[in-house]
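See below for the structure under consideration.
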Amino acid sequence: MDSAGELGLRPISSPDKLEEVVRILAGEAAELELTCGLRDLAWSDPLALAQAIRHQATEPKSRYPKVSELHQLKRAKKLLSEELAAVLGMPDDKVAALIDCKDAVVIAKA
């Protein structure tokens with residue numbers, strides 16, 4: 001525990017912060033304009049991860065997406081889904097649907 005900061009580990013997010021993440025993914029919170037790509041994302045900020053995931057889900061798809069961006073997006077979804085499941089106690093199927101922005105409004109209200 002003493003060396004957690006040195007290793008780059010951060011404290012787990014509060015339930016209030018993750019409820020805001022759920023609102024972002026569900027499209028209920030105002031979306032901020034992304035000023036950076038996935039490579040420059042603040043990986044320790046769940047709100048930034050949620051914004052990037054929501055942005056990717058709502059923007060028109062590129063015919064030839066960059067493989068590196070797909071990997072970064074997969075990583076962002078994994079990090080956020082693990083934290084949502086651990087802190088909010090959400091079942092895996094609901095977390096997966098929320099992260100994929102499918103029926104997010106229904107899930108967020110459940």
#### Entry: Atom pair CZ (Arg75) and CD (Gln72), whose distance is rounded to the nearest 0.5 Å
6.0 Å

### Task
Output the distance between atom CD1 (Ile53) and atom NE2 (His55), rounded to the nearest 0.5 Å.
12.5 Å

### Task
Kindly indicate, with the supporting measurements, whether the criterion side-chain contact (heavy atoms from CB on, under 4.5 Å) is fulfilled by Glu28 and Val22.
CA-CA 9 Å; Glu28 295 175 357; Val22 170; over 6 Å; no

### Message
Using the side-chain contact (heavy atoms from CB on, under 4.5 Å) criterion, which residues pair with Ser81? Sequence neighbours excluded.
### Response
Val95, Ile99

### Task
Can you see which heavy atom on Ala50 is nearest to which on Val21, and at what distance?
CB-CG1, 3.7 Å

### Task
State plainly whether the residues Arg23 and Glu20 are in salt-bridge range, i.e. N to O under 4.0 Å.
yes

### Message
On a heavy-atom basis, which atom in Ala86 and which in Ile12 lie closest, and how many Å separate them?
### Response
CB-CD1, 4.3 Å

### Query
Do Leu18 and Pro46 touch side chain to side chain, with heavy atoms closer than 4.5 Å?
yes

### side-chain contact (heavy atoms from CB on, under 4.5 Å) between Met90 and Leu98, intermediate numbers included
CA-CA 10 Å; Met90 295 176 73; Leu98 182 63; 4.0 Å; yes

### Interatomic distance, Glu19 atom CD to Ile24 atom CD1 [nearest 0.5 angstrom]
12.5 Å

### Task
Mind checking the CG-CG spacing from Asp45 to Leu79? Nearest 0.5 Å is all I need.
12.0 Å

### Query
Gln56 side chain to Leu73 main-chain N or O, any donor-acceptor pair under 3.5 Å?
no

### Message
Just to verify, what does Lys78 make a salt bridge (Lys or Arg N to Asp or Glu O under 4.0 Å) with, not counting sequence neighbours?
### Response
Glu82

